[in-house]
Amino acid sequence: MEYNFIEIEKKWQDEWRKRQTYKVSEESNKQKFYVLDMFPYPSGAGLHVGHPLGYIASDIYARFMRHKGFNVLHPMGYDSFGLPAEQYAIQTGQHPAITTEKNIARYREQLDKMGFCYDWSREVRTSDPSYYKYTQWIFSLIYNAWFNNEKQAAEPIHTLVSHFETNGNFGVNAAIDEDWFTKVDLSKFFFGKNWEGDFTATDWKSMNEEQQQLILMHYRLTYLADSMVNWCPALGTVLANDEVKDGLSERGGHPVEQKLMRQWSMRISAYAERLLQGLETIDWSESIKEVQRNWIGRSEGARVKFQLEGRSEMIEVFTTRPDTIFGVSFMTLAPEHELVNSITTPEYREAVEAYQAAAKLKTERDRQSDVKNVSGQFTGAYVIHPFTGAQIPVWIGEYVLAGYGTGAVMAVPAGDQRDYDFAKKFNLPIPNIFEGIDISEKAESSKEAVLCNSDFLNGLNYKSATPRVIAELEKIEAGKGKVNYRLRDAVFSRQRYWGEPFPVFYKGEIPYLIGDEKLPTVLPDVDKYLPTKSGEPPLARAADWKFTDEDGNSYRMEYNTMPGWAGSSWYFLRYMDANNATEFASREKVNYWGQVDLYMGGAEHGTGHLLYARFWTKVLYDLGYIGFDEPFKKMINQGMILGRSSFVYRIKDSQQFVSFDKKDQYETQALHADISLVDSDVLDIEAFKNWLPEYANATFILNDEGKYICGTEVEKMSKSRYNVQTPDELVEKFGADTLRCYEMFLGPVEQSKPWDTKGINGVHNFLRRFWRLFHDAENQMAVSAEEATKAELKVLHKTIKKVTDDMQRFSWNTVVSTLMIGVNELTDLKCKKQSVLEPMLVLLSPYAPHMAEELWAKLGHAESITTAQWPLFNEAHLQDDAFDYPVSFNGKTRFNISLPVDFTPQQIEAEVLKHELTPKYLEGKDPKKIIVVPKRIVNVVV
RNA sequence: GCGGGCGUGGCGAAAUUGGUAGACGCACUAGACUUAGGAUCUAGCGCUGCGAGGCAUGGGGGUUCGAGUCCCUCCGCCCGCACCA
């Protein structure tokens with residue numbers, strides 16, 4: 001065997017481990033570069049061929065940058081808290097830590113086999129107490145912070161407290177719920193006053209500890225509050241908005257309902273604007289930025305207050321079209337709106353309550369699928385138009401969402417299709433407020449339309465009317481300009497076992513932090529991983545789990561755990577100083593490594609991990625712990641590798657299987673066949689019979705060639721479809737180097753594509769040919785010190801240029817092609833010269849590190865090839881004495897003329913004209929202009 | 001509905017700033033060497049034409065000496081968001 005990849009790969013993996021080849025230190029005068037993969041959740045199934053796609057690409061890039069002379073941080077770890085290990089624990093009683101440990105060992109083994117250059121001394125595991133100690137520490141930090149809208153930044157809570165002590169809360173512009181004061185019971189305090197949340201320094205100082213804490217809770221960046229949450233009964237836990245898709249849980253697809261629960265939340269909404277603006281400063285794909293922009297959902301408009309007729313309260317609405325205010329003919333509230341009950345008149349009470357009850361019964365999913373159906377109910381109440389004083393009926397309707405804006409809309413049927421449909425259905429007036437526009441069929445939503453019947457706005461359009469109407473509203477104190485965001489605060493509690501415990505205990509109802517010096521708060525053991533009988537989270541089963549203070553008093557702990565995204569929101573910082581036992585990471589090291597320069601991972605985390613990590617980074621930045629406020633400078637999202645499933649066709653109610661090409665003659669049922677039983681779509685019949693007991697007696701109708709042909713389909717890889725390709729078998733058959741090259745060769749990394757091993761032979765051949773370049777027919781090294789010829793240097797430098805360019809523009813796939821061309825050409829030239837082959841080897845080494853390392857050693861180098869410099873491109877070698885200039889004449893006929901390369905355009909022109917002026921090409925035509933363009937194409941214009 | 005991306009041989013794909021479209025690989029065809037071939041080597045391989053040539057990058061139009069690339073329009077596919085007021 002000539003290229004013995006099995007031996008070579010094992011040898012070098014051992015060597016690398018022994019020599020600690022990939023260990024990096026921040027004590028370096030080189031420039032840093034940080035290449036990061038999204039760390040995996042170590043599931044029981046192990047890696048499939050899709051996983052390594054991104055890992056290979058980033059590994060190649062890390063190796064490339066190392067050759068380019070950078071000090072490269074390229075770490076790996078595990079997002080090891082999570083649901084599957086816990087579900088497994090519930091079924092088997094095995095502690096999730098054991099399952100996790102086992103899975104990690106398997107992942108590590110697979111990762112090692114791929115020859116990745118991770119610095120494993122920096123490994124992190126989110127479930128390790130030495131790691132989650134700092135997850136808890138960051139939680140405490142966020143808890144002890146508030147968001148100053150004035151500065152658009154988080155500040156330590158003590159700055160707020162000292163403000164309260166001197167000025168009360170006057171002049172504080174904090175991110176806080178507008179109606180927060182309605183949720184704090186300070187009635188005995190502000191007895192007799194119509195309290196709207198203001199308090200003086202004197203008020204503050206006379207409050208007791210509990211009352212102060214209750215108020216502070218509303219300002220904190222992470223807070224405990226009763227909020228409407230996504231409750232998933234099947235999983236027994238609440239979920240964040242991004243974990244719910246179409247009203248079903250993202251994991252498992254279980255129904256999710258809305259429930260009012262006392263939960264920890266993260267005030268990410270405070271950062272809406274900065275999360276939006278920050279996108280402009282980072283190099284991410286447009287599509288994923290768009291996902292985040294949508295999720296943040298910024299819209300400009302106004303809040304307008306409408307006085308309720310005969311009552312003291314106002315109803316506040318949010319609108320993006322305050323300019324259409326003269327077209328308001330009714331108002332609609334969400335069925336859950338808090339004023340509905342109090343404003344409904346007795347005669348409508350029954351109908352309103354029935355409507356509310358019906359709406360409540362519907363799941364989120366039903367409500368979404370019922371979008372086309374217009375429904376609503378009049379409440380009997382009226383509000384007064386702030387400008388015209390007209391009486392406006394107040395309705396409730398499902399199309400208004402409680403969670404967006406104020407949960408109430410001013411309905412302008414002329415300008416909004418939903419309001420229009422509602423008005424039509426319930427026979428409400430549709431006043432026209434647009435000049436010369438017919439609204440008898442549908443609403444006019446264009447922002448260009450000119451307003452009429454609108455008093456002082458007549459003749460204006462959206463752009464000119466909006467500032468005007470906002471000014472008027474402010475003048476009469478009926479409203480103000482307002483930017484609204486769709487982004488909601490993120491629920492931070494989970495009723496699960498396998499997650500970070502909160503560093504929190506309770507005195508009565510008031511939560512207190514466990515001091516930083518007492519962290520980590522270690523996850524206690526429990527007898528079962530299920531909720532208690534009374535419905536408390538699993539941690540409540542730990543009977544002795546209590547907080548005890550200096551005086552020996554013990555207190556109840558927080559029984560919820562943190563969500564999966566807690567640990568992953570800051571892990572990229574921990575890698576910088578993974579073994580620090582006193583800080584989350586030292587400031588010097590964070591300063592040295594800085595932002596992640598290249599982040600590689602799936603695009604599916606757009607509204608989850610990637611948003612939360614950006615959020616936490618900004619908080620840490622605001623509070624002065626790190627020096628940057630965007631974590632990931634550049635990101636590339638690798639596509640998914642899809643599986644190619646094979647199908648057999650069973651004739652209905654029989655044990656007879658028919659070949660794909662004859663299946664249309666029968667009534668058949670398609671069944672997945674394990675892809676290991678199929679080769680080039682031909683089924684191994686004996687193996688199939690032995691595969692599952694139910695097929696032992698199967699009979700087959702073969703095609704005319706006597707073969708059983710399977711059908712195929714491209715699907716996501718999964719166990720149940722029997723189409724999972726693990727890297728292991730391919731590594732065994734072709735070697736890791738081949739697999740690395742092949743996965744890159746498949747196409748652009750960003751693209752999703754079906755896994756197809758057909759082409760792997762071609763790539764394997766390429767590596768064998770590369771190997772053969774260095775050897776003679778007897779497989780002996782045959783590299784000479786002879787001087788390279790011009791032709792050989794030309795091939796080399798052409799390859800250096802293209803590979804370097806392609807690496808720099810993250811075009812992993814074209815690099816392989818370029819190397820193939822180089823090898824083919826050098827083979828044709830029978831080039832076996834060290835001065836050519838050695839630089840070629842360095843170009844190959846990021847893709848096929850094992851082979852490169854082996855040949856590098858055979859060339860007599862004692863140091864690892866990772867220390868080799870990236871070859872320098874020398875333009876001079878690409879230049880010829882003469883160049884064939886393609887000439888196009890009249891845009892049609894093309895021919896070449898040979899000219900010295902250093903000819904100026906003028907000389908070229910003269911020469912071309914000389915050639916052109918032959919009767920053959922120039923009968924009756926006069927060339928007027930010569931254009932010489934970069935690739936030395938000469939156009940003769942006549 | 002709104003937003004983003006994409007459309008090139010039998011297949012995966014190249015073409016980086018508008019400059020010889022289809023590099024490289026797979027599959028296929030023919031030949032050589034072979035007891036054999038899922039090994040290796042040689043040649044061919046967009047369509048059309050005996051040929052010189054002509055036609056080709058989803059369809060139509062435009063800008064340009066020159067368009068896969070830029071502009072307009074239509075068609076198709078993928079992804080994200082969605083009674084968000």
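Keep in mind that the numbers below use all heavy atoms, side chains included, and drop hydrogens, waters and symmetry copies. Below, chain A is the first sequence line, B the second, and so on; all start at residue 1.
- With rounding to whole Å, A:Ile296 atom CD1 is found 14 Å from B:C81 atom P.
- In this structure, the CD1 atom of A:Ile821 is 13 Å from the C1' atom of B:G22, given to the nearest Å.
- For the 3.5 Å distance criterion, the side chains of A:Trp771 and A:Asn779 qualify, holding a donor opposite an acceptor.
- One can place OH of A:Tyr742 at 8 Å from C1' of B:G12, the figure rounded to the nearest angstrom.
- Remark: A:Arg486 is not in phosphate contact with B:C2, judged by side-chain N or O atoms under 4.0 Å from OP1 or OP2.
- Close to B:U40, at under 4.0 Å from its OP1 or OP2, lies a side-chain N or O of A:Asn765.
- If you measure from atom CE of A:Met640 to atom C1' of B:C78, you get 12 Å, rounded to the nearest angstrom.
- Nearest to the side chain of A:Val409, among B:G4, B:A85, B:C26, sits B:A85.
- In summary, A:Arg418 and A:Asp416 engage in a salt bridge, as defined by a charged side-chain N under 4.0 Å from a carboxylate O.
- Among the heavy atoms of the strands, none lies under 4.0 Å from A:Asp756.
- The distance from atom NZ of A:Lys289 to atom C1' of B:C79 is 18 Å, rounded to the nearest whole Å.
- Following rounding to the nearest Å, A:Gln751 (CD) and B:G4 (P) show an atom-to-atom distance of 20 Å.
- For A:Glu290, counting side-chain heavy atoms from C-beta on, the closest listed nucleotide (B:G4, B:A15, B:C84) is B:G4.
- A:Pro748 comes within 4.0 angstrom of sugar-phosphate atoms only, judged by non-hydrogen atoms across all strands, and of no base.
- The separation of B:G68 from B:A21, taken at their C1' atoms, amounts to 7 Å, rounded to a whole angstrom.
- Positionally, the nearest nucleotide of RNA chain B for A:Met820 lies more toward the 5' end than for the other of A:Asn484 and A:Met820.
- Atoms CD (A:Glu286) and C1' (B:G4) sit 7 Å apart, rounded to a whole Å.
- Residues A:Leu333 and A:Val400 have side chains not in contact (no heavy-atom distance under 4.5 Å, counting atoms from C-beta outward).
- Of the listed nucleotides (B:A14, B:A85, B:C24), B:C24 has the atom at the smallest distance from the side chain of A:Ser817.
- In terms of position on RNA chain B, the residue among A:Asn294 and A:Gly405 whose nearest nucleotide sits closer to the 5' end is A:Asn294.
- Rounded to an integer number of Å, the gap from CZ of A:Arg769 to P of B:C24 is 11 Å.
- The phosphate of B:A85 (OP1 or OP2) has a side-chain N or O of A:Ser299 nearer than 4.0 angstrom.
- Side-chain atoms of A:Lys802 and base atoms of B:U16 include a donor and an acceptor less than 3.5 Å apart.
- Within the 4.0 angstrom heavy-atom criterion, no nucleotide atom of any strand lies near A:Asn761.
- One finds the NZ atom of A:Lys801 at 12.0 Å from the OG1 atom of A:Thr799 (value rounded to the nearest 0.5 Å).
- Donor-acceptor pairing under 3.5 Å is lacking for the side chains of A:Tyr742 and A:Thr757.
- When the nucleotides B:A85, B:U40, B:A14 are ranked by their closest atom to the side chain of A:Thr319, B:A85 comes out on top.
- Ion pairing between A:Asp806 and A:Lys802 holds under the 4.0 Å rule for side-chain N and carboxylate O.
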